[in-house]
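Values below: all heavy atoms of this structure, side chains included; hydrogens, waters and symmetry mates excluded. Sequential numbering from 1 along the given sequence is applied to the chain's residues. Note that the structure is a prediction, hence the values are computed from the model and not measured.
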Amino acid sequence: MVDDEEEAHLKAAFGDSSDDEHLEDRETSVVGDSTTAVWERVEKINGLWIRRDFLSVHHHSDLLSAILNEGWFVEESINQAMRFGDLPSWAIELSDLILESVESVDLPVLPADLLWREPLFDQLIVNLYQPGEGICAHVDLLRFEDGIAIVSLESPCVMRFSPAEKGEGEGVDVLLSPGSLILMSGEARYQWKHEINRKQIGFQVWEGEEIDQKRRISITLRKLCPS
């Protein structure tokens, strides 16, 4: 369970907003528990969208508890869990919430043809990052279809996107706050790499200020290509 101190930290984090200069289109709608859905398009990367307020504080806490109750990370040496096909009930509910949020706005957050597939996602990765840990720049394997979702829990971090082909443009940084959701499709999924820089002292920089990183858990949802 999430203790009172962490709950207060999450409330403080959810209350923050960002005037990211790379964000362009926005649309608001009412979804689920009457929270306000605001989708923002990352201007320089076609197919990259972020919803910063995707999870309420309560839903964030429940989702975190469900993941920790799976028992995947009891041993300190284990920091990743994968599931294929039959996903945990909480992951199915999360996928349904993503679809509901996408369909609630008149914006091309995901290509229309992806919204008809059943299920929307059938592969799950949960990663646990300790302060200073990250992941190298990569494009997700082509064994997965278009349309990838990443939900961030606990600590904020900066994810850097860079062109898959060298010399094709500059990198773009995106702040992933607790409870946020990013969706990658089209160019963002196939033509841009994404990474989280490893920092030995556990700090990242956002708009000139250091982010004091603590433990972070990410949930990645994807769809396997037909065999």
Side-chain angles (χ1 to χ4, degrees), residues 13 16 18 20-24 39-52 54-55 67 72-73 77-83 98 109-110 121 123-224:
D16 292 338
S18 174
D20 190 336
E21 63 180 358
H22 299 303
L23 298 172
E24 197 171 71
W39 282 102
E40 304 168 342
R41 183 174 70 86
V42 179
E43 180 182 358
K44 295 184 179 181
I45 305 178
N46 291 330
L48 180 59
W49 292 80
I50 183 168
R51 181 180 166 190
R52 301 189 187 279
F54 177 63
L55 297 178
I67 292 171
W72 294 330
F73 305 121
S77 60
I78 298 176
N79 59 11
Q80 184 181 82
M82 289 190 182
R83 292 295 181 269
I98 291 171
V109 179
L110 278 178
F121 303 109
Q123 198 270 335
L124 165 73
I125 301 178
V126 180
N127 286 310
L128 186 152
Y129 299 94
Q130 296 295 348
E133 294 180 341
I135 188 168
C136 62
H138 67 283
V139 173
D140 283 46
L141 296 174
L142 297 181
R143 65 183 294 197
F144 299 105
E145 292 187 9
D146 197 9
I148 296 173
I150 301 176
V151 177
S152 294
L153 304 180
E154 297 195 285
S155 178
C157 80
V158 177
M159 179 171 282
R160 165 154 287 220
F161 290 82
S162 57
E165 297 294 331
K166 292 183 178 180
E168 291 297 317
E170 298 180 352
V172 176
D173 290 337
V174 178
L175 179 66
L176 305 183
S177 54
S180 65
L181 163 67
I182 61 169
L183 292 175
M184 298 181 288
S185 64
E187 292 183 18
R189 189 261 183 268
Y190 294 108
Q191 299 179 25
W192 288 78
K193 297 184 289 186
H194 54 281
E195 66 182 303
I196 298 172
N197 294 332
R198 296 176 175 88
K199 300 291 185 182
Q200 291 184 350
I201 58 174
F203 287 93
Q204 287 186 319
V205 176
W206 177 253
E207 296 184 345
E209 296 187 5
E210 290 182 338
I211 298 173
D212 186 5
Q213 290 184 287
K214 297 177 175 61
R215 186 181 69 178
R216 174 177 175 265
I217 291 178
S218 70
I219 305 165
T220 300
L221 291 165
R222 305 182 289 194
K223 180 76 166 68
L224 281 162

ask   = How many angstroms lie between CG in Leu176 and CG in Leu153, if you round to the nearest 0.5 Å?
value = 11.5 Å

Test log, rule side chain to side chain contact (heavy atoms under 4.5 Å, CB included), inputs Glu187 and Ile45 = CA-CA 7 Å; Glu187 292 183 18; Ile45 305 178; 5.7 Å; no

key: Arg216 backbone acceptor or donor facing Ser155 side chain under 3.5 Å   = no

message = To check you understand the geometry: which heavy-atom pair defines the closest contact between Trp206 and Ile211, and what is its length?
response = CB-CD1, 3.7 Å

task = Would you check if Gln204 and Glu210 make a side-chain contact, meaning some heavy-atom pair closer than 4.5 Å?
result = no

ask   = Roughly how far apart are Ile196 CD1 and Arg160 CZ, rounded to 0.5 Å?
value = 13.0 Å

key: Donor-acceptor contact below 3.5 Å, side chain Arg52 vs main chain Leu175   = yes

message = Holding to salt bridge (Lys or Arg N to Asp or Glu O under 4.0 Å), I want the full list of residues that pass it with Arg189, two or more places apart in sequence or in another chain.
response = none

Side-chain touch Trp39/Ile50, heavy atoms, less than 4.5 angstrom = no

key: Non-hydrogen side-chain atoms of Ile67 and Ile219 separated by less than 4.5 Å   = yes

inquiry  = Let's go through Trp72 and Val126 carefully: what are the C-alpha distance in whole Å and the side-chain angles of both, what is the deciding distance for side chain to side chain contact (heavy atoms under 4.5 Å, CB included) to 0.1 Å, and is it a yes or a no?
reply    = CA-CA 9 Å; Trp72 294 330; Val126 180; 3.7 Å; yes

key: Student check: side-chain heavy atoms of Ile182 and Met159 closer than 4.5 Å   = yes

Value rounded to 0.5 Å, distance of CG in Asn197 from CD1 in Ile135 = 12.0 Å

key: Ala164 to Tyr190 - nearest heavy-atom pair and separation   = CB-O, 4.5 Å

inquiry  = Within the 4.5 Å heavy-atom criterion, are Pro156 and Pro178 side-chain neighbours or not?
reply    = yes

request  = Go through the steps for Ile150 and Leu181 under the test side chain to side chain contact (heavy atoms under 4.5 Å, CB included), then give the verdict.
outcome  = CA-CA 6 Å; Ile150 301 176; Leu181 163 67; 5.9 Å; no

query = How long is the span from the NZ atom in Lys223 to the CZ atom in Phe144, to the nearest 0.5 Å?
reply = 11.0 Å

key: Qualifying residues under side chain to side chain donor-acceptor pair (under 3.5 Å), relative to Asp146, sequence neighbours excluded   = none

ask   = Do Ile125 and Arg222 come within less than 4.5 Å of each other through their side chains, counting heavy atoms only?
value = yes

remark   = For Val172 and Val42, the nearest pair of non-hydrogen atoms, with its separation, is CG1-CG1, 4.0 Å

query = Considering the options Lys193, His194, Glu195, which one meets the side chain to side chain donor-acceptor pair (under 3.5 Å) requirement together with His138?
reply = His194

key: Minimum-distance pair of heavy atoms, taken over all atoms of Ser218 and Tyr129   = OG-CE1, 3.6 Å

task = Please tell me if the side chains of Leu183 and Ile98 come closer than 4.5 Å, counting only heavy atoms from C-beta onward.
result = yes

key: Min side-chain heavy-atom separation Met184-Phe161 under 4.5 Å   = yes

remark   = Rounded to the nearest 0.5 angstrom, the CD-CD1 distance for Glu154 and Ile217 is 5.0 Å

